[in-house]
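We're numbering straight along the sequence, starting at 1. The structure presented is a predicted model; accordingly, all values stated were derived computationally and were not measured. Just the heavy atoms: all of them, side chains too, but no hydrogens, waters or symmetry mates, feed the values below.
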Amino acid sequence: SLTGSEFSPWCSFTYPSGFLPSPANLQIIKDNSQVYLSWDPVEGATMYRIYGSTDPYAPDWLLIATTENTNWESTISHSGYFYRIAAVNE
């Protein structure tokens, strides 16, 4: 096993298989009981996973939808919901 002193100060990061960088410019618009999300496309993405949580610091977020589009809309049941988008190549 490696200890902290054995790590190089120059490291490269490889995304896990199928996962890509997070989409940029996530916009969330809430209109009455609807929520609209949109984001920039990620090169190589074949789909996007939308996660939601009532706690932005929760370790586990619920997968609430998948889409091939760079936007999504849904009816919301309560305010104070947080969203994350993951780009995936599957």
Practice item. Using a 4.5 Å cut-off on heavy atoms from C-beta on, say whether the side chain of Val35 contacts that of Ile29. Key: no

Review point. Does some side-chain heavy atom of Thr46 sit less than 4.5 Å from a side-chain heavy atom of Glu68?
Key: no

Revision key, fill the gap. Separation between CD1 (Ile28) and NZ (Lys30), nearest 0.5 Å, reads 11.0 Å

Check your understanding: Considering all heavy atoms of both residues, which atom of Pro56 and which atom of Phe82 are nearest to each other, and what is their separation?
Key -> CD-CE1, 3.4 Å

Check your understanding: Please walk me through it: do Gln34 and Ser74 pass side-chain hydrogen bond (donor to acceptor under 3.5 Å, both in side chains)?
Key -> CA-CA 6 Å; Gln34 291 289 116; Ser74 179; over 6 Å; no

Output side-chain donor-acceptor pairs under 3.5 Å for residues 59-66, partner residues at least two apart or in another chain, one line each.
unit_1 : atom_1 : unit_2 : atom_2 : d
Trp61  : NE1    : Ala58  : O      : 3.1

**Study point:** Ile50 versus Tyr83, closest heavy-atom pair with distance
**Key:** CG2-CD2, 4.3 Å

Point to revise | Ala86 to Tyr51 - nearest heavy-atom pair and separation | key: CB-CE1, 3.9 Å

Point to revise | Residues Thr70, Asp40; criterion side-chain contact (heavy atoms from CB on, under 4.5 Å); working and verdict | key: CA-CA 7 Å; Thr70 57; Asp40 290 347; over 6 Å; no

Practice item. Could you please spell out the steps behind the side-chain contact (heavy atoms from CB on, under 4.5 Å) verdict for Leu37 and Ile85? Key: CA-CA 9 Å; Leu37 280 61; Ile85 310 297; 3.9 Å; yes

Review point. Looking at CZ of Arg84 and OG of Ser53, how far apart are the two atoms once the value is rounded to the nearest 0.5 Å?
Key: 7.5 Å

Exercise for review: Could you grab the distance from atom CE of Met47 to atom CG of Leu20, nearest 0.5 Å is fine?
Suggested key: 11.0 Å

Check your understanding: Within a strict 4.5 Å, meaning less than it, do heavy atoms of the Tyr48 and Pro23 side chains meet?
Key -> yes

**Study point:** Side chain to side chain, Tyr36 and Asn71, heavy atoms closer than 4.5 Å
**Key:** no

